[in-house]
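Heads up: the structure comes next, in structure tokens.
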Amino acid sequence: MRVAVISDIHANLHALEAVLAAIDADGVDALWCLGDLVGYGPRPNECVALVRERTSICLAGNHDLVVLGKIELSAFAGEAAAAAEWTRSELNPASLEFLSQLAPTARASAAELFHGSARDPIWDYVIDDKSARWTFKATSERLVLVGHSHIALEISKRKRLEGGRAPAGTEVELDETRRILNPGSVGQPRDGDPRAAWLMIDTASSRATFCRTRYPFELTQAEMRERSLPATLAERLEYGI
Ligand code: ZN
């Protein structure tokens, strides 16, 4: 079985379309999304519609929950709050209906999925040894998938924790070792590579591959400026920060 994993799309339609085209070219049996479909970006309804149509598992992220009003807007500062407020006014009933039935965790065959971490699936980041240890402790499946940090990551639990950032082309052998994998972000990468990030898991060959796909970020930037979304949110897309 081949499963593509995407996360943190953040209403960046051009990035999502490019990733879906790359995934389709590779051929997959399933597509999973780890949350944050909306927030920051300019095309929330189109992104929700595509994710609804294409994914068999989809989580809710903190941005999705804020936009739905399940978390207070005051939980966000500055630009994130401004973008969330704009997104709230923009979402159509079909998008709201889809987002409102999502949860921040899920379980699949031999994998546990969280938007954030196993300790706090909405807000917590798995970014260091401490947070990774917590998540290993709170889970039992060999494979744990997380999003939220926008940084592609692989952490293996051997005698000590090993691994770290997973740049484009990183391959991980899925043996008996327990692992936390973060595919990185489709719509707002923050690991210095502006290309859209995603992960391919192939259970037949027992391999996970970290992939990056180029997309026309200047089109997303132009759409953000047209909609008066915060300028720095648009600028960061070309640097992947
Ligand atoms: Zn996010």
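Read the numbers this way: they start at 1 and go in the same order the structure lists the ligands and their atoms. Just so you know, these numbers use all the heavy atoms, side chains as well, and skip hydrogens, waters and symmetry mates.
- By the neighbour-count criterion of 12 heavy atoms within 6.0 Å, atom CD of Gln101 is densely surrounded, having more than that number from other residues, nucleotides or ligands.
- For Asp8, the N/O/S atom at the shortest distance from the Zn ion (ligand 1) is named OD1.
- Annotation: Arg214, atom CZ; neighbour count of heavy atoms from other residues, nucleotides and ligands within 6.0 Å does not exceed 12.
- Taken to the nearest 0.5 Å, the CG atom of Leu59 stands 7.5 Å off from the OG atom of Ser7.
- Put simply, His10 gets within reach of the Zn ion (ligand 1), with an N, O or S atom under 2.8 Å from it.
- Test Asn62, Asp120, Asp124 against His115 for side chain to side chain donor-acceptor pair (under 3.5 Å) and you get one pass: Asn62.
- Summary: OD2 is the N/O/S atom of Asp36 found nearest to the Zn ion (ligand 1).
- For His150, the nearest N, O or S atom to the Zn ion (ligand 1) falls under 2.8 Å.
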